[in-house]
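The analysis underlying the following values was restricted to heavy atoms, covering all of them including side chains, and did not include hydrogens, waters or symmetry mates. The chains referred to below are lettered A, B, ... by the order of the sequence lines, with proteins before strands, and numbering in each begins at 1.
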There are 2 protein chains.
Amino acid sequence: MKDVKVSEPTVERLVKYHRLLERVTGEGRKVISSKEIGEMLSYKASQVRKDLSYFGEIGKRGVGYHVDRLYRHLGAVLSSPRLWSIGLAGVGRLGEAILGYKGFRSEKFQIKALFDVDPAKIGTKILGTPCYSIDDAPRVLREQNIEVVIISVPSGAAQYVADRVTASGNVKGILNFSPVSLALPDDVLLYSVDISVELEKLLFYLKHRGQ
Amino acid sequence: MKDVKVSEPTVERLVKYHRLLERVTGEGRKVISSKEIGEMLSYKASQVRKDLSYFGEIGKRGVGYHVDRLYRHLGAVLSSPRLWSIGLAGVGRLGEAILGYKGFRSEKFQIKALFDVDPAKIGTKILGTPCYSIDDAPRVLREQNIEVVIISVPSGAAQYVADRVTASGNVKGILNFSPVSLALPDDVLLYSVDISVELEKLLFYLKHRGQ
């Protein structure tokens, strides 16, 4: 995470504050306190105040934050200068789940191209998005100016797919859902999500809570 | 996270050290340094040393850690006293992806029962696991002594499902993949995973890296 001062857990909290405020705005609320935000997201109120003040928002003692203003402010911090075009490699169960996931519908990004090895999928549209052969990825990613790719292929295929995808030369970031480490060019940002790690964490806490 | 001293990011790092060591053991390596571990997982070497020494493992200067010993040691820290039985509510695309996810095959836990509202699924086996009506969840969870449930239903149904599941009285932890906040009894541990938050984080860093 070179050149970036804000830590990863902080960014995650910002994203969650922003989503919470979006919901609360929809419910017509005008003000909210750091304590309320903290309770809804399981953070300490002091953490919420520290995060928000770092980004220039100071709540009023005894009143809290103006919901609308805070929502717009965090939106600006998190905003993208443009709509990101996203590619998704691997349209198996997990890939289809990601494609249909409600949270992946956003004004910030759009899944524009799918890649797979299955001849039955290549050349078709899946949930409205065209699917190409993974071997055409370098060309398609360049032509469509896709800079971010989600990888959701079986572990054994993930490095091959990562190599094909980065061969395009214009991919800047990869979100990897395959439970395997990937070797990537230095200028490509990698985020890996292993959904089973969360279950392991939950079980760890359940085990230790009983002691 | 009452009663637990180890922070969530620390647990996540422990899980990742353990998986890395499992792989490295399989490759036949005997020793590994904190620097190497750090490089493979994108952590600082000093962080790795701090984490491991907290759990009683001190590497030898200029040599590193014995892979096999460290692997067994972390395994003991992370181990479960028994096999956890897991339930999974919502066998749509995401639920099926979780069910088939390689990382969810473990000696620590096993998905024993599925729950859905679709009459075409109820009463069948999906990828080898029996599927029940969500309305039977309280009874099935008690009978099979299932203490952890993964929720992967559409947002609008998540709270209803959480209520049915916790009505069993013996569920201690919930792993929620639905992008919505849940209200749960105080004694139930909740972990929420919003897979699109990871994409937002990646885009945030890509945006700020360019500045």
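- Surrounding CZ of Arg69(B) are at most 12 heavy atoms belonging to other residues, nucleotides or ligands under 6.0 Å away.
- Interface remark: Leu99(B) contributes no atoms to any contact with chain A (heavy atom separation under 4.5 Å).
- Heavy atoms closer than 4.5 Å to chain A are found in the side chain of Val148(B), but not in its backbone.
- When the candidates Leu20(B), Leu14(B), Leu127(B) are compared by the number of heavy-atom contacts under 4.5 Å with chain A, Leu127(B) comes out ahead.
- For Val15(A), the part lying near chain B is the side chain, with the backbone staying farther off; criterion is any non-hydrogen pair under 4.5 Å.
- Comparing Val77(A), Ile98(A), Leu41(A), Ile150(A) by heavy-atom pairs within less than 4.5 Å of chain B, the highest count is held by Val77(A).
- Across Tyr101(A) and Phe177(B), no two heavy atoms sit closer than the pair OH-O, 2.8 Å.
- Chain A forms more heavy-atom pairs under 4.5 Å with one residue of Val193(B), Leu203(B), Leu78(B) than with any other, namely Leu203(B).
- Put simply, of Leu175(A), Val197(A), Ile195(A), the one with the most heavy-atom pairs under 4.5 Å next to chain B is Ile195(A).
- When the shell of 6.0 Å around NZ of Lys108(A) is examined, it contains more than 12 heavy atoms from other residues, nucleotides or ligands.
- Side chains of Glu147(B) and Leu206(A) form no contact here, defined as non-hydrogen atoms less than 4.5 Å apart.
- Between Arg19(A) and Ser196(B), the side chains place a donor N or O and an acceptor N or O closer than 3.5 Å (distance only, hydrogens not considered).
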### Message
Could you go through Glu198(A) and Ser192(B), starting from their C-alpha distance and side-chain angles, then the distance that decides it, and tell me whether this counts as side chain to side chain contact (heavy atoms under 4.5 Å, CB included)?
### Response
CA-CA 8 Å; Glu198(A) 299 300 323; Ser192(B) 289; over 6 Å; no

What side-chain donor-acceptor pairs closer than 3.5 Å can you find for residues 157-166 of chain A, not counting sequence neighbours?
residue, atom, partner, partner atom, Å
Gln159(A), OE1, Ala183(A), N, 2.9
Gln159(A), NE2, Asp163(A), OD1, 2.9
Gln159(A), NE2, Ala183(A), O, 2.9
Tyr160(A), OH, Asp135(A), OD1, 2.7
Thr166(A), OG1, Ala162(A), O, 2.8
Thr166(A), OG1, Asp163(A), O, 3.4

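- Here the closest non-hydrogen pair linking Lys207(A) and Trp84(B) is N-CZ2, 4.4 Å.
- Inter-residue side-chain proximity for Arg93(A) and Arg93(B) is flagged as unmet; no heavy-atom pair is nearer than 4.5 Å.
- A 6.0 Å sphere centred on NZ of Lys121(B) holds more than 12 heavy atoms belonging to other residues, nucleotides or ligands.
- The side-chain heavy atoms of Ile86(A) and Leu199(B), taken from C-beta on, include a pair separated by under 4.5 Å.
- Within the 4.5 Å cutoff, the side chain of Glu12(B) has no heavy atoms near those of the Glu200(A) side chain.
- The nearest pair of heavy atoms linking Gly173(B) to Leu202(A) is C-CD2, 4.1 Å.
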